[in-house]
Amino acid sequence: MSAQFRDPWEAVTLPATRDQAVPIWQLTERFAQRLDGLGRQTWAQVAERAARLEIEREQRMEAVERQREEAGGLDNIHLQDSSAGRLRPRYRHIVVDEAQDLQPGHWKMLRAMVRRDRNDIFLVGDTHQRIYSSQVTLGSLGVNIRGRSSKLSLSYRTTRQILGSALGVLSGEAFDDLDGNEENLAGYRSVLSGGLPALHQHVGWEAEREGIAELIAGWDDIPLEQIGVCVPTNVMVTETANTLQQFSIRATEIGPDGPRGDEGVHIGTMFRFKGLEYQRMIIAGASQGLVPRSDILRLRSADALRHRKEMQRARSLLFVAATRARDSLDIFWHGTPSQFLQPLLSTA
Ligand SMILES: Nc1ncnc2c1ncn2[C@@H]1O[C@H](COP(=O)(O)OP(=O)(O)OP(=O)(O)O)[C@@H](O)[C@H]1O
């Protein structure tokens with residue numbers, strides 16, 4: 001999907017009154033019509049369509065159940081819609097991981113796919129790791145987590161030092177608990193201890209890549225596949241892989257479906273690292289203008305709300321990358337360091 005077909009709601013400030021809302025609805029309608037004319041849909045529209053189909057299916061099932069109850073529970077009653085009589089809930093239980101990144105359409109679809117019961121949906125999520133614009137209030141979507149959720153605050157993956165630095169990246173932002181309430185970072189801890197993240201400043205991007213290659217060349221005690229290198233853009237992924245090749249270090253890019261090969265250092269953009277884990281993690285290109293991107297910085301005066309949301313996502317991306325590390329974290333940049341690194345720089 002090209003950038004011009006972004007979800008129209010992404011940039012919208014909620015209107016205070018109905019009069020203010022009408023032009024926005026009209027604009028959204030026109031946008032949808034234009035897409036229809038082109039035979040295209042946004043991802044959010046696809047999810048909403050899937051949700052509608054599942055909700056209609058659920059409603060047909062409920063109608064049959066009502067008819068059966070009214071007929072005294074008899075199974076062989078004559079149903080107006082005989083095909084509906086054979087419908088069953090698709091699933092008894094659904095497990096959702098990375099719940100923070102699901103949009104309302106996804107939740108509505110899942111809600112309709114499973115019979116409402118005590119243990120119908122089990123979900124795990126971390127709103128600090130939200131890297132898509134998908135804030136929801138689960139209660140309003142029929143997913144009741146109030147009073148039924150537990151906070152997992154002990155990290156078994158990473159060291160206290162890396163976790164502390166990653167949490168520092170998020171400082172100053174407010175996060176939600178998936179149900180419309182504020183979530184806080186208090187109590188996060190780790191039983192493991194290790195070195196502080198190492199910070200590496202270079203004069204330019206090429207020097208930075210060479211610095212990464214030299215660092216990795218010195219690590220002969222672990223398999224290359226246990227090393228992750230995370231960069232801000234796809235072009236930087238390719239450039240980093242080329243530099244590593246020049247240093248005779250095998251590398252494999254992480255694509256949308258995971259690493260493309262079995263061997264070598266894994267290189268990918270921050271988005272690709274969701275859910276992964278590496279013994280040694282390198283974050284490269286952590287320069288102001290790349291993390292966060294300069295177009296996000298420019299939004300500040302033009303669209304303050306959008307700026308705030310995009311800044312939070314950019315912080316979360318960096319947080320995701322940093323928390324992939326088990327034993328060590330090395331952060332590289334050239335030029336001005338990312339403003340998100342300030343807490344780390346001031347304690348270094
Ligand atoms: N109870 C435990 N005891 C020891 N190690 C554990 C325990 N639970 C998880 N781990 C280890 O901690 C690491 C992280 O676990 P896991 O991937 O389940 O976390 P996660 O919350 O899904 O992470 P993320 O959402 O950040 O990707 C893994 O290496 C896992 O083996």
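Any value given below was found using the heavy atoms of this structure, including those in side chains, with hydrogens, waters and symmetry copies removed. We count ligands from 1, going down the list as the structure has it; atoms in each ligand are counted the same way.
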Charged N to carboxylate O under 4.0 angstrom, Glu54 versus Lys108? no
Considering only non-hydrogen protein atoms, determine which one is nearest to atom 23 (O) of ligand 1 and report residue, atom name and distance to 0.1 Å. Arg157 NH2, 3.2 Å
Can you tell which part of Arg324 has a heavy atom less than 4.0 Å from ligand 1: side chain, backbone, both or neither? side chain
Distance flag for atom 21 (O) of ligand 1, protein heavy atom under 4.0 Å: no
Which residue and non-hydrogen atom of the protein lie closest to atom 5 (N) of ligand 1, and at what distance in Å? Tyr156 CB, 3.5 Å
Basic-acidic side-chain contact under 4.0 Å: Asp295, Arg293: yes
Atoms of ligand 1 less than 4.0 Å from Gly275 heavy atoms? 27 (O)
Is any heavy atom of the protein nearer than 4.0 Å to atom 25 (O) of ligand 1? yes
Quick one: do Glu173 and Arg315 make a salt bridge, cutoff under 4.0 Å? yes
Check ligand 1 against Glu277 and write out every atom of the ligand that is under 4.0 Å from a heavy-atom position of the residue. 13 (C), 14 (C), 28 (C), 29 (O)
For the pair Arg280 and Asp221, find out whether any cationic side-chain nitrogen is under 4.0 Å from an anionic carboxylate oxygen. yes
Looking at atom 30 (C) of ligand 1, tell me if a protein heavy atom falls under 4.0 Å from it. no
Answer yes or no for Gln129: is there a heavy-atom contact with ligand 1 below 4.0 Å? yes
Quick one, Asp120 with Arg111, criterion salt bridge (charged side-chain N to carboxylate O under 4.0 Å, His left out). Give me CA distance, side-chain angles, the key distance, then yes/no. CA-CA 9 Å; Asp120 45 13; Arg111 175 67 283 169; 2.7 Å; yes
Any salt bridge between Asp101 and Arg130, counting N to O under 4.0 Å? no
As a test of the contact definition, would atom 10 (N) of ligand 1 count as having a protein heavy-atom neighbour under 4.0 Å? yes
Parallel, tilted or perpendicular for Phe332 and His200, by the 30°/60° rule? parallel
